[in-house]
**Student:** 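This is the structure, below, for whatever I ask next.
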Amino acid sequence: MKSLVLEKKDDITLRDFPAIDREEEVLGPRDVRIKMHTVGICGSDVHYYTHGRIGPFVVNAPMILGHEASGTVIETGSDVTTLSVGDRVCMEPGVPDPNSKATRLGMYNVDPAVRFWATPPIHGILRPTCVHPEAFTFKLPDNVSFAEAAMVEPLAVGVHAATKARIKPGDIAVVIGAGPIGLVTALSALAGGCARVYVADLAEKKLEIAASLSAAITPIDVKSQNIPEVIKRDTDGWGADIVFEATGSPKAAAGVFEPLCPGGCVVMIGGQPDPISYDAGAAMIREARIENIFRYAHVFPRCVAMLSSGAIDVKPLITRTFAFEDSVRAFEIAASAPPADVKLQIELPQ
Ligand SMILES: [Zn+2]
């Protein structure tokens, strides 16, 4: 089937991919076949395109990109009970080994055997159909659009980060980074009970979008403002209860404890391909709790429920939509990191 294929670093084509047709023919008893509708472009897709690797994951053979997806069930396996043909769904892209120790302990996202879309050597889903386990496919309420549903995957990262932070009602949070993950984290922190969330970035347009999401979001322009100064000023010198690091920049990560209050929590979200320096002394004098997250676990149904209830609105984050035929151009634009865009999505022909 026609797929968006990363041939190798800097080389992306829209072409037939016969190997995936053979794989996709196999529908297990607990699988569903899904016709794709909308697929979001993730920073990781772009990173594989521009760098050919993320840490230990190296693109050594042509790989189909894409892992943020929604679609419609077109066929169900013989043992499927919760989904029917015609159901609108979104899909969790990481499928662990159901018998692994990590999965049995409930931490299936850190199962070393997890198979995650568009992480080599596993293919992604920028293609017309896919086969996926029922257990990782979630039915959408009528009032959640395909575009919103394709945002559930990045939103899940924010909700997982907010869960790990153990937010208490009225907490003050700082999110460093106003990219898609920073913004879904800000929305998740508010939904989790934060009274105010400060969002820090360099890009003015991204900060404008951040501020437009909620009256409880305060942008910090790090070109002219200093994060710890703003937070200390607004908290009588105490500091923020939670700091979310959502840039993956070693420089930003080095300063995460400065705006943090005594006893506060830092959640590291941004990926760090290389070792970074860590201000252990600043963490120590605060008795800071530090949480790390890897993707997410158990949060897709919660994300869908919050989109449906209106507790979280991701629509302002979707800044451009491309037709599948224009996917190569969409990736070229995404790779140029346009400062006014948050999430670019691709719609497949229906
Ligand atoms: Zn993603």
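Whatever order the structure lists them in is the order used to number ligands and atoms, beginning at 1. Residue numbers run from 1 in the order of the sequence given. Keep in mind the model is a prediction, meaning the values are calculated, not measured.
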**Student:** Looking only at the aromatic ring of each residue, does the gap between the centers of Phe257 and Tyr278 stay below 6.0 angstrom?
**Tutor:**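 Yes, the ring centres sit under 6.0 Å apart.
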**Student:** Compute the ring centroids of His123 and Phe17, then answer whether they are less than 6.0 Å apart.
**Tutor:**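 For His123 and Phe17, the ring centres are under 6.0 Å apart.
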**Student:** Less than 6.0 Å separating the ring centroids of Tyr108 and Tyr296?
**Tutor:**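 Centroid separation for Tyr108 and Tyr296: 6.0 Å or greater.
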**Student:** Under 2.8 Å from the Zn ion (ligand 1), which protein atoms of type N, O or S occur, listed by chain and number?
**Tutor:**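 Near the Zn ion (ligand 1), below 2.8 Å, one finds Cys42 SG, His67 NE2, Glu68 OE2, Glu153 OE1.
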**Student:** Could you label the plane-to-plane angle of the Phe300 and Phe138 rings as parallel, tilted or perpendicular, counting under 30° as parallel and over 60° as perpendicular?
**Tutor:**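 Aromatic pair Phe300/Phe138 classed tilted.
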**Student:** Do Thr129 and Ile34 have side-chain heavy atoms sitting under 4.5 Å apart?
**Tutor:**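 Answer no - side chains too far apart.
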**Student:** Please report the closest heavy-atom contact between Met268 and Ala253, naming both atoms and the distance.
**Tutor:**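 So the two residues come closest at CE-CB, 3.9 Å.
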